Amino acid sequence: MDGRFDPKAADRRWQERWEDERCFEADSTSDKPKTYVLEMFPYPSGRIHMGHVRNYTMGDVIARYRKMQGHEVLHPMGWDAFGMPAENAAMERNIHPGSWTRANIGAMRDQLKRIGFALDWSRELATCDPDYYGHEQALFLDLFDAGLVYRKESEVNWDPVDMTVLANEQVIDGKGWRSGASVERRKLNQWFLKITQFADELLDGLQALDRWPDKVRLMQENWIGKSTGLHFRFPLVEASGDINEIEVFTTRPDTIFGASFIAIAPGHPLALAAAAADPGASAFVDQCKAGGTSAAEIETAGKKGYLTTYSAKHPLDHDWPLPVYIANFVLSDYGTGALFGVPGHDQRDYDFANQYQLAIKRVVGASTGEAGKPIGTEAEIGPGIAVNSQFLDGMTSAEAASDVIRRAEIAGWGQGSTIYRLRDWGVSRQRYWGTPIPIIHCDTCGAVPVPRDQLPVLLPEDVSFDTPSNPLDRHPSWKNVDCPKCGAAARRETDTLDTFVNSSWYFIRFASQPSDRPFDRVEAETWLPVAQYIGGVEHAILHLLYARFWTRALKHIGQLGLDEPFAGLFTQGMVTHETYRAGDGSWLSPGEVRKDGDDWVHIESGHPVVPGRIEKMSKSRRNTIDPEPILAKYGADAVRWFMLSDSPPERDLEWSEGGIEGASRFVQRVWRLVNSVGGDAVSGDGNEALDRKLHRTIATVGEAIDGLQFNKAIAQLYELVTAIEKAPASPARDIAVRTLVLLIAPMAPHLAEECWDFLGEGGMVVDAAWPDHDPAKLIDDQVTLAIQVNGKLRDTVTAPLGLDQAAAEALALASEKVQRQLAGASPRKVIVVRDRLVNIVL
RNA sequence: GCGGACGUGGCGGAACCGGUAGACGCUGGAGACUUAAAAUCUUCUGCCCCAUGGGCGUGCGGGUUCAAGUCCCGCCGUCCGCACCA
């Protein structure tokens, strides 16, 4: 055979064969060891982008490699298909979100198939299918029955123009991202999932996730934000209505005698009482509410307080009154929305005290001798020995803290407790394109679950998007139903579930999909937990925390016996590209510019172009490269190869023309090599060096794939190809070529099949076994010894393996270059590291 | 501010447990094949110098060691996450 490898024909041929022979359909009843490989499923935006290609290629390599190792592999794909872009498209183009979404899914499925991923398409699912969201409604009701779902009034970001709730991420500088209208804080009845009930479990569970990046575990730990300390109360000197005390939380009970003021949040009930009675307080509260919560605004606002007419009594000394301030830096939704200020040992309190001339008292010192030393220009935050603190004096901070907690509990003015930063998960969205919340509101019976036999609660098709606000709420008849309990006229919940609910259990449904229930426990547990989950680090908290919670909630209600859904997690880097700007500051796409010497010019106008930073491919920067034409030009394997080759997978990969060209060259090189097999093979002496290289490569490529170090695997394969090319024709060389085909198969599967077929091996590479390496062949009987003089390399010599100290020393001293360095002197000391080096010290 | 990661040629990056720094790829130079080009092959490619040799080199400054990209101390820089969290 001659000529070039034709990826277009080969890609098609093998993709069809794999599909016809159902190569990647996972058998839940198989006896083989089971491996579940999963990449985060995509939102069907309409087109696959390079980030998807990189993500799914990594997962595909693992899946194919495990399959070759004899595992039964589950590697599914589906669509995170609910969400706002579909509704936006509906509003802009007057098409139904469902038809827009399904068309996108169709297009993206074709694109994924074109890349030849080893996916089990028989298990494909889309979260917008009633067959999926109906089961989700059942699970929601199971959690509801277990008391893990509740309804509460809470503050939301309300866009008064679009008449909808916005997520925090959709509020930019206090304005709605689409409408540009100033976002209002509004109180709405919302459904919540009790994730806080699992806060401790979710925190402790992180310990066991040793195949997760430390970074992600740390982010989740911080997000959960566990603090232990003391909850206690300051009685008011004079009660305000029925408020007669202020409850605070502190992590430093040991500093209780350092208190100089009480600060309450602008939203605190006492602040509202003050505002009602005092115009000054009212104005201050309004001012705080108007101020934004962005970092910059907080920075510039500084610490401001308003001195109320109230004062509080210290719980350990009722003759010690403390002023009560309303302060802009106190968060109403953290702790109790009130705190006591200890300026000596908290920087924020110190700043506040300085501004309002409050006492700055030392209650912690390096030793008892420091009791009289004033606090300097900064608060002293660290632990030490309690001073100026009555019965606590002389104790360490830790001792003092537990002593205060003990006394508070005995005397009844406080109790030791733990608080979390984590909030319950608000899942209500005033949106159409989501899972309808299966609840019916009845005036007499309250919130009543939809009976199971009436699930799924389907989304109505006949909805209009010509005006903002929730189409479900506007629909003339959908929400009107009878109460399942009393039969009286009632109405459906018109909120839908947050899309993160959809992605909190899809990996379970992939593993098991009976039609009559969400999943079969036994079947699901044969696959779960996911052995290797791969996705972007942007989901480090939300999705990955919600999925962990959902899994534990299912365990809690006895539906699944699993603590953690994802045993291994890998967060891959982004695909980046240089950015370009025209003279007027507008962004230009890579296709619109051309390099002219060292400069860039706009092709059309010839104007100079300013190249900018290398950034994540994004529409707004116009630095995207569409995978489709690249696939058409170079074929799937070259694209896959490049996605894996240049950068370590956890780091960003810069797209480059040179990179894809290099990958394409490699594909052709392998094809030429395979075509050179056989012929006039010289029999006789096998190529020992090549054999060793081959076995070393089998070992290291396997290790590299196991460790998701694809770039290293690829470098080693390049080396092997070069070694084979240089080797004279021999049976050993032919074996090396055959083995090479197996080694590249996970990365370049179409090429591998084509080569396998050409070599007449029979069967397909997908069904072939991963080669074994012979440990004996990893060892060479010759080694290269480095010869150093005073730690500097002067020579290298070839020596037999295992040479002893004296012989190695003699060999080193025999070196002409060493003798020149010695210049007649004799070495003071000689250090020999067996089979590595000899260092002669003068 | 707090927490984390990182810093190696022209570029992306290798380097096990402290033991030959720069594997592999890209770019570039020279050559072969060709009427020519593409493709391919061979070969070189960290910097510097008084070049069969030598000096300097892993952000900067110190230290430990026979030996430091790797360990320790102190800086500088870049990126990411969280952010008035009581």
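First the proteins, then the strands, lettered A, B, ... as listed; each starts at 1. Only a predicted model underlies this, so the values are computations on that prediction, with no experimental measurement involved.
B/C85 atom P lies 11 Å from atom CZ of A/Arg421, rounded to whole Å. For the pair A/Ile831 CD1 and B/A68 P, the computed distance is 12 Å after rounding to whole Å. Rounded to whole Å, the distance from CG on A/Asn222 to C1' on B/C82 is 7 Å. Separating the NE2 atom of A/His345 from the C1' atom of B/A86 is a distance of 15 Å, rounded to the nearest angstrom. A/Tyr325 has its OH atom 23 Å from the P atom of B/A86, to the nearest Å. The nearest whole Å value for the distance from the CG atom in A/Asp333 to the C1' atom in B/C85 is 10 Å. Distance CG (A/Leu793) to P (B/G69): 13 Å, rounded to an integer number of Å. Spacing between atom CG of A/Leu331 and atom C1' of B/C84 amounts to 7 Å, rounded to whole angstrom units.
Aromatic pair A/Phe642/A/Trp655: centroids less than 6.0 angstrom apart.
Within the nucleic acid shown, A/Arg217 has no heavy atom closer than 4.0 Å to any nucleic acid atom. Here A/Arg665 lies in heavy-atom contact (under 4.0 Å) with sugar-phosphate atoms only. A/Val330 comes within contact range of at least one nucleobase, with a heavy-atom separation under 4.0 Å. Heavy atoms of A/Gly662 sit under 4.0 angstrom from primed sugar atoms or phosphate atoms, though from no base atom.
A ring pair (Phe, Tyr, Trp, His ring centres under 6.0 Å) with A/Phe261 is found for exactly one of A/Tyr350, A/Phe352, A/Tyr356, A/Tyr306, namely A/Phe352.
Taking the side chain of A/Arg348 as heavy atoms from C-beta on, and the options B/G3, B/G19, B/A86, the nearest nucleotide is B/A86. The listed nucleotides are B/G4, B/C79, B/C84; the one nearest the side chain of A/Arg613 is B/C79. For A/Arg669, the side-chain atoms get nearest to B/C41 when compared with the rest of B/G54, B/C41, B/C66. Nearest to the side chain of A/Ser227, among B/C56, B/A86, B/G19, sits B/A86. Nearest nucleotide to the side chain of A/Tyr718, out of B/U20, B/G25, B/G19: B/G25.
Each of A/Val537 and A/Glu661 lies near RNA chain B, and the nucleotide nearest A/Glu661 is the one positioned closer to the 5' end. Checking A/Glu719 against A/Tyr334, the closest nucleotide of RNA chain B that is more toward the 5' end is the one next to A/Glu719.
Of all the heavy atoms in A/Gly382 and A/Arg252, the pair that sits closest is O-NH2, 3.8 Å. Pairing each heavy atom of A/Arg421 with each of A/Asn222, the nearest pair is NE-O, 3.5 Å. In plain terms, the two heavy atoms of A/Leu842 and A/Asn790 that are nearest each other are N-OD1, 3.0 Å. In terms of heavy-atom proximity, A/Val701 sits nearest to A/Ala713 at CG2-O, 3.9 Å. A pairwise comparison of heavy atoms in A/Ser397 and A/Val364 identifies OG-CG1, 4.1 Å as the closest pair. Closest of all the heavy-atom pairs between A/Lys817 and A/Arg794 is CD-O, 3.4 Å.
Note on A/Arg672: a side-chain N or O is less than 4.0 Å away from OP1 or OP2 of B/C41. OP1 and OP2 of B/G13 both lie 4.0 Å or more from every side-chain N or O belonging to A/Lys712. In this model, the phosphate group of B/G18 is not approached by any side-chain N or O of A/Arg836 to a distance below 4.0 Å at OP1 or OP2. The phosphate of B/C85 (OP1 or OP2) has no side-chain N or O of A/Lys226 nearer than 4.0 angstrom.
Evaluation of the side-chain hydrogen bond (donor to acceptor under 3.5 Å, both in side chains) test over residues 799-816 of chain A, restricted to residues two or more places apart or in two chains, returns A/Asp795-A/Ser815. The list of salt bridge (charged side-chain N to carboxylate O under 4.0 Å, His left out) pairs with a residue in residues 327-345 of chain A, not counting sequence neighbours, is empty.
Nucleotides B/C47 and B/U58, compared at atom C1', are 13 Å apart to the nearest Å. With both ends at atom C1', the span from B/G18 to B/G69 equals 11 Å, rounded to whole Å. Remark: the separation of the C1' atoms in B/U65 and B/G54 is 26 Å, to the nearest Å. Nucleotides B/G22 and B/U27 place their C1' atoms 16 Å apart, quoted to the nearest Å. Taking atom C1' in both B/U42 and B/C48, one finds a spacing of 29 Å when rounded to whole Å. Rounded to a whole angstrom, the distance from the C1' atom of B/G25 to that of B/U45 is 14 Å. When the P atom is compared between B/U70 and B/G9, the two are found 15 Å apart, to the nearest whole Å. Remark: the separation of the P atoms in B/G29 and B/C80 is 36 Å, to the nearest Å.
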**Asked** Under the ring pair (Phe, Tyr, Trp, His ring centres under 6.0 Å) criterion, do A/Phe340 and A/Phe232 qualify, and how do the steps go?
**Response** CA-CA 10 Å; A/Phe340 73 100; A/Phe232 69 103; 5.4 Å; yes
**Asked** A/Thr576 and A/Arg613: side chain to side chain donor-acceptor pair (under 3.5 Å), yes or no, with the steps?
**Response** CA-CA 10 Å; A/Thr576 61; A/Arg613 293 170 32 136; over 6 Å; no
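Contacts with RNA chain B (heavy atom under 4.0 Å) in residues 694-711 of chain A: A/Asn711, listed by number. Within residues 641-654 of chain A, the residues that place at least one heavy atom under 4.0 Å from RNA chain B are, in residue-number order, A/Asp646, A/Ser647, A/Pro648, A/Arg651.
Under the 90° criterion around 0 for the glycosidic angle, B/G9 counts as syn. For B/A5, the base is anti relative to its sugar; the glycosidic angle deviates from 0 by more than 90°. In this entry the base of B/C76 is anti relative to its sugar, with a glycosidic angle more than 90° from 0.
For A/Lys226, the NZ atom sits in a packed shell: over 12 heavy atoms of surrounding residues, nucleotides or ligands are nearer than 6.0 Å.
Taking the ring centre of A/Trp671 as origin, the terminal cationic atom of A/Arg4 falls outside the region bounded by 6.0 Å and 45° from the ring axis.
The existence of a salt bridge linking A/Asp351 and A/Arg348 is excluded, since no basic side-chain nitrogen approaches an acidic carboxylate oxygen closer than 4.0 Å. Using a 4.0 Å cut-off between charged nitrogen and carboxylate oxygen, A/Lys693 and A/Glu719 count as a salt-bridge pair.
Taking 3.5 Å as the limit, the base of B/C66 and the side chain of A/Lys829 contain no donor-acceptor pair of atoms between them.
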**Item:** 5'-to-3' dot-bracket of RNA chain B (Watson-Crick, G-U; under 3.5 angstrom; crossing pairs as [ ]; | other strand)
**Value:** (((((((..(((......[....))).(((((.......))))).((((...))))..(((((..]....))))))))))))....
**Complete:** B/S/- along nucleotides 42-53 of chain B (protein heavy atoms under 4.0 Å) is SS---------S
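Using a 30° and 60° split on the angle between ring planes, A/His314 and A/Phe257 fall in the parallel class, below 30°.
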